[in-house]
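None of the values given here were measured: they were computed from a predicted structure. Below, chain A is the first sequence line, B the second, and so on; all start at residue 1.
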Amino acid sequence: MADAVTVRLTVNGVEREGRCEPRKLLVDFLREDLGLTGTHVGCEHGICGACTILIDGEAARSCIMLAVQADGAELLTIEGLMRDGKLHPLQEAFREHHGLQCGFCTPGMLMTALDLLRTNPSPTEAEIREGISAVLCRCTGYHGIVRAVEAAARKMR
Amino acid sequence: MSPTGWIGKPVKRVEDARLLTGRGTYIDDHPPVANLHHAAIVRSPHAHARIAGYDLTAALAVDGVVGAVTGEDVLRHTKPFSVGVTAPVHYYCAATDKARFVGEPVAVLVAKTRYIAEDAAELVRVRYEPLPAVVDPERALEPDAPVLHDAVGTNLAGHRRLVYGDPDRAFGEADVVLKERFRFPKYGSTPIETYGVIAAWDSLEGVCTVWSNFMGPFIMHPLTARVLGLPENKLRFIVPPDIGGSFGIKTSIYPYIALIALAARRTGVPVKWIEDRREHLLASSSGTDRVAYRELAAKKDGTILGMRFRWLDNVGGYIRSPEPGCSFRPTGNFVGPYRFRNLEVDASVVMTNKSLTGPNRGYACGHLYFESEGMIDRLADKLGLDPAEVRRRNLIPADAFPYRTPTGGLYDSGDYQAAFEKALELAKYSELRREQARARAAGRYFGIGLALAVDPSVSNMGYVATALDPQFRAKPEYLPKSGAVDSATVKIDPLGRVTAILGTTPQGQGHQTIVSQIVADELGLTPEEITVVDEMDTFTRVWSISSGTYSSRFGSVGTSAVALAARKLKAKLVEYGAHLLGVPKEQLEFRDGAVRPTTGKGPSYSIKDLAGRAHWNTESLPEGMEPGLQATAVFGFTVSKAVDAEDRVNSSNTYGFIAEVMAVEVDPETAAITILRYVTVHDAGTIINPMIAEGQIYGGALHGLGGALYEELVYAEDGQLLTGTFMDYLVPTASEAPTIDIAHVVSPSPLTPLGSKGLGESSSMTVPAVIANAVSDALGPLGIRITELPMTPTRLYELIQKART
Ligand code: FES
Ligand code: FES
């Protein structure tokens, strides 16, 4: 076991610090060391997208990154999506359009959709589908999710 | 049915607030006990190998490791699980004498962190003596095939020949006899959340507590208690409030519960194990791959006289309960929606060096309808009839319900014609056929597929005994099995607030929301006013062996228990109100949240009022009335009977119906399949929440599409899994998901208080059939008929190339 190192980063606007082995995955660091269990692990090999968060404003998979690589970065996780006690328009739209069932893919899906709408505020349906194809959902058949992202895009424009 | 109208409304889900904000409670989220340690499982790299010994010296020397469990401990401290066949298959929670599939657990390392446990697991040396492997079920039955279980002496775990009516005569009298061989693939559920188990063994109290995302049926609880040598009231199963999907697979987690419990016992610390995706694809569970030989006998006019099914179901290295449900779960609905009465089923359950199998959304029905609906299209083709017409001529008529099938099923309600015609109409079937003619004339490969299915919900636990010989079942010491029950409690607190408590294990189906709708309707409240608790705990909930959330059962049996509990409580409120008013209870009724005179005139008592009095002043209760305002109901289907001497069994309790039409175009150059139109009509009786119902259909359909087009656990000849990551095991993404036209027909079930049936598996069981039929129709001009899934581009391309040359 290698010696623990200190990792300092900003998560959801709050400066956080933790000590972990250099080999610790970012997602494990978030969940175990920072207690942010909203980010989920579905595959640990970078395909399912459940672990997606925003790092310095861009979507990234926290399961194929080490915590030390995020040292000094600014992170947004699902826990930081609400503002002033109110659901984000994407969260609202997911509820409205039944964009989630078991909710396990949902945090990664929301962060991915957020990233999509940031780079493309008026996506077509095909673009939404392609954008969220970075995240696997086994429950919904994606229908409700696509509708939700469309609705949120309209609201956020 | 619906007194105040919440039932039938697309009420938004209670569950969403927490799940959308990262505050769900899944198994991996919160340590339920202190001093948690972590397990890593050592797995066999061989498909078939004798285990000659273990060397754990290096592993145990790693700093932070607290202990380990090997096959030797498993053999010494646990019993094998009972299996659903009479063959002497010794199935333990880990390999003991031999490893029989790649990924089979052989040891468990327990350490302070998962990272350390994984490090140590790599240092474990197991001495294997590799043996030849077999993965194909037909090859496995050849006399010179390697035998997996010496005690069994063959790879045949079980075999049944079931005969209903007079199939020989039907085939003898037929104008047309058709034969076909089909292959159905081994694919899984792949919920995005994998298995997770936390076990704490208190040796002083003699209690083992297990937290896991196990979904039931809870028959697995007593089975596991026996394996661990614990009285069942000393083994506590707790299921967290949130499970990240299951689709059948989390039934099969129970061997890991035993293994991790053993690890906790041996190491003296609470142990947590979260399966990783590699382990999940390698060794959790999947549906069976099947080789099917089908025969169909019919008259010239298209009337089906009988069928013969010959199946080889591949259950992998051992047979794990509830297998061989792969063969028998649909016994009652073997004939699907058709009238024919003569059937022969020859089912062989075969063990090979593949991972084990179990329920996967549509359990056994995806296989069944892929074959049956394929045969119907072949019949239409043979007779030059429209496939829709052949189906019409064979459907069970609407006035025949309740309908007893030749195999013992009791179809409770339905109007198959109405649903089918609705599907054809929605799809503009005749227009599609004209479009097809134009497309074909232009040299394009355009096809239309149809599929009809009876959608069974709420398994009758008795069906599993179909796997046993009637002579065995006739022995005096044999205990017949039957039943499908669920329970619910509804209680009113001192200030009149209502809580419903369930023992279900929802995996995304929105039970809290649905229950709040039902209770709101029954008690004249709004759904937001009801609190619903559904964290299953075998120590505190009322449960039975069939409890759990599987076989599309909640919409049927769970909702019934809730409605009955609320009604029981209502009756108590009326009785109490009558006592307070000094009038006979017949003069009162419960309406709009209060006990009121039936005449509408005179004083009434609201729930709040009655709750306050009942809790604060028990003297005010009528003599003999139990104090408190709560009611527990256990709902059970009386149509759940044990399998009879003729192998007839009502294998489910409520039966819905699905009618589907799909139009596709196939590009002959790339073998790409484009879905142009997909219509699905469902009859699941009363729909409680159409939004949730629609979500189930979308999810089920895409799961079926995965199995039909993309997903397969592919094994090499030597038993190595070739699709062990999400890079090669292809779960469909949003880009592959089709748009679906969904419609409903409602034939309320006469067996449930709300008229509802289940629909959780829904189109997962029809999509393989409908798309295979559509692609076959598209490629008809090339003489291609699909007999094997998944229709991967490579497979389809080869078929097209071969047909063209
Ligand atoms: S857990 Fe990171 S992509 Fe699947
Ligand atoms: S909601 Fe369950 S995986 Fe997406």
Side-chain angles (χ1 to χ4, degrees), chain A residues 1 21 23-24 28 31-32 36-50 77-82 87-88 90-92 94-108 110 125-126 128-146, chain B residues 10 12-13 15-24 26 28-30 63-64 113-116 119 189-194 242-247 274 276-278 506-510 691-692 694-703 725-727 731-740:
Chain A
M1 215 189 353
E21 276 188 85
R23 64 169 172 171
K24 188 144 199 173
D28 289 345
R31 292 179 54 83
E32 294 167 12
L36 296 168
T37 53
T39 302
H40 297 153
V41 181
C43 72
E44 272 185 304
H45 55 258
I47 301 294
C48 78
T77 69
I78 185 69
E79 289 91 345
L81 199 53
M82 267 172 79
L87 293 181
H88 185 277
L90 266 168
Q91 289 168 313
E92 282 284 4
F94 267 60
R95 179 169 152 81
E96 193 59 32
H97 295 273
H98 197 29
L100 67 156
Q101 290 181 24
C102 78
F104 202 79
C105 71
T106 310
L110 285 167
E125 178 175 335
I128 292 174
R129 287 186 181 272
E130 185 172 332
I132 63 164
S133 71
V135 186
L136 297 178
C137 173
R138 196 56 149 170
C139 294
T140 61
Y142 304 102
H143 175 74
I145 299 175
V146 173
Chain B
K12 302 292 172 254
R13 299 198 325 161
E15 292 84 353
D16 290 355
R18 65 173 186 271
L19 300 180
L20 283 165
T21 51
R23 294 177 298 116
Y26 302 90
D28 192 24
D29 290 344
H30 299 282
D63 193 25
T113 70
R114 175 70 178 251
Y115 285 71
I116 299 172
D119 286 346
S189 302
T190 61
I192 307 305
E193 180 202 45
T194 55
D242 296 309
I243 296 182
S246 174
F247 322 107
I274 302 292
D276 69 27
R277 183 59 60 184
R278 183 188 56 94
Q507 313 120 32
Q509 302 92 332
M691 178 187 84
I692 290 177
E694 187 174 286
Q696 291 296 317
I697 295 168
Y698 267 100
L702 193 60
H703 195 167
T725 72
F726 273 158
M727 277 167 281
V731 172
T733 75
S735 297
E736 285 84 52
T739 308
I740 312 181

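Neither the backbone nor the side chain of B:Pro506 comes within contact range of chain A, judged by heavy atoms closer than 4.5 Å. Neither the backbone nor the side chain of B:Ser246 comes within contact range of chain A; no heavy atom of the residue lies under 4.5 Å from a heavy atom of that chain. Heavy atoms closer than 4.5 Å to chain A are found nowhere in B:Ile697, neither backbone nor side chain. No part of B:Arg23 comes within reach of chain A, as not one of its non-hydrogen atoms sits under 4.5 angstrom from that chain. Contacts of A:Glu44 with chain B are made by side-chain atoms alone, with heavy-atom separations under 4.5 Å and no backbone atom involved. Of the atoms belonging to A:Leu100, heavy atoms from both backbone and side chain fall under 4.5 Å from chain B. Contacts between B:Gln507 and chain A at a heavy-atom distance below 4.5 Å involve the backbone alone (N, CA, C, O). Residue B:Ala701 does not touch chain A at all, counting heavy-atom pairs closer than 4.5 Å. Heavy-atom distances place the backbone of A:Thr140, and not its side chain, under 4.5 Å from chain B. Only the side chain of A:Leu87 comes within contact range of chain B, with at least one heavy atom under 4.5 Å from a heavy atom of that chain. Residue B:Glu15 does not touch chain A at all, counting heavy-atom pairs closer than 4.5 Å. In this structure, the portion of A:Arg31 lying under 4.5 Å from any heavy atom of chain B is its side chain and not its backbone. Residue A:Val135 does not touch chain B at all, counting heavy-atom pairs closer than 4.5 Å.
Looking at A:Cys139 and B:Phe247, their side chains come closer than 4.5 Å, going by heavy atoms from C-beta outward.
Here the closest heavy-atom approach between residue B:Ile192 and residue A:Cys137 is recorded as CG1-CA, 4.4 Å. Taking each heavy atom of A:Gly42 and B:Phe726 in turn, the nearest pair found is O-CE1, 4.3 Å. Of all heavy-atom pairs between B:Thr733 and A:Leu136, the closest is CG2-CD2, 3.9 Å. The two residues A:Thr37 and B:Asp29 come nearest to each other via the heavy atoms CG2-O, 3.4 Å.
When A:His45, A:Glu79, A:His88 are compared by the number of non-hydrogen pairs under 4.5 Å with chain B, A:His45 comes out ahead. Interface check for chain A: of the options B:Thr725, B:Ile274, B:Leu20, the most heavy-atom pairs under 4.5 Å are formed by B:Leu20. Between chain B and the options A:Cys102, A:Gly103, A:Gly141, heavy-atom pairs under 4.5 Å are most frequent for A:Cys102. When the candidates B:Glu736, B:Met727, B:Arg278 are compared by the number of heavy-atom contacts under 4.5 Å with chain A, B:Met727 comes out ahead. Counting heavy-atom pairs closer than 4.5 Å to chain A, the top-ranked of the candidates B:Lys12, B:Arg18, B:Gln696 is B:Lys12. Residue with the most contacts toward chain A among B:Ala734, B:Gly22, B:Ala737: B:Ala734 (heavy-atom pairs, distance under 4.5 Å). Between chain A and the residues B:Pro191, B:Gly244, B:Gly64, the most heavy-atom pairs under 4.5 angstrom are made by B:Gly244. In terms of non-hydrogen atom pairs under 4.5 Å with chain A, the most contact-rich of B:Leu19, B:Leu702, B:Asp276, B:Asp242 is B:Leu19. Heavy-atom pairs under 4.5 Å with chain B peak, among A:Gly38, A:Pro107, A:Ser133, at A:Ser133.
Between B:Tyr115 atom OH and A:Glu21 atom CD the span is 8.0 Å, to the nearest 0.5 Å. Rounded to the nearest 0.5 Å, atoms CZ (B:Arg114) and CD (A:Glu32) are 10.0 Å apart.
Checked by atom type, the side-chain pair A:Arg138/B:Thr190 shows a donor-acceptor distance below 3.5 Å.
Here A:His98 pairs with nothing under the ring pair (Phe, Tyr, Trp, His ring centres under 6.0 Å) rule; sequence neighbours left out. The ring pair (Phe, Tyr, Trp, His ring centres under 6.0 Å) search around A:Phe104 returns A:His40, B:Tyr26, not counting sequence neighbours.
Judged purely by atom type and a 3.5 angstrom limit, A:Tyr142 uses its side chain to pair as donor or acceptor with the backbone of B:Pro732. Remark: side-chain polar atoms of A:Gln101 are paired, donor with acceptor, to backbone N or O of B:Gly695 under 3.5 angstrom.
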task = Check the pair A:His143, B:Glu694 against side chain to side chain contact (heavy atoms under 4.5 Å, CB included), reporting the backbone distance first and the verdict last.
result = CA-CA 10 Å; A:His143 175 74; B:Glu694 187 174 286; 3.9 Å; yes
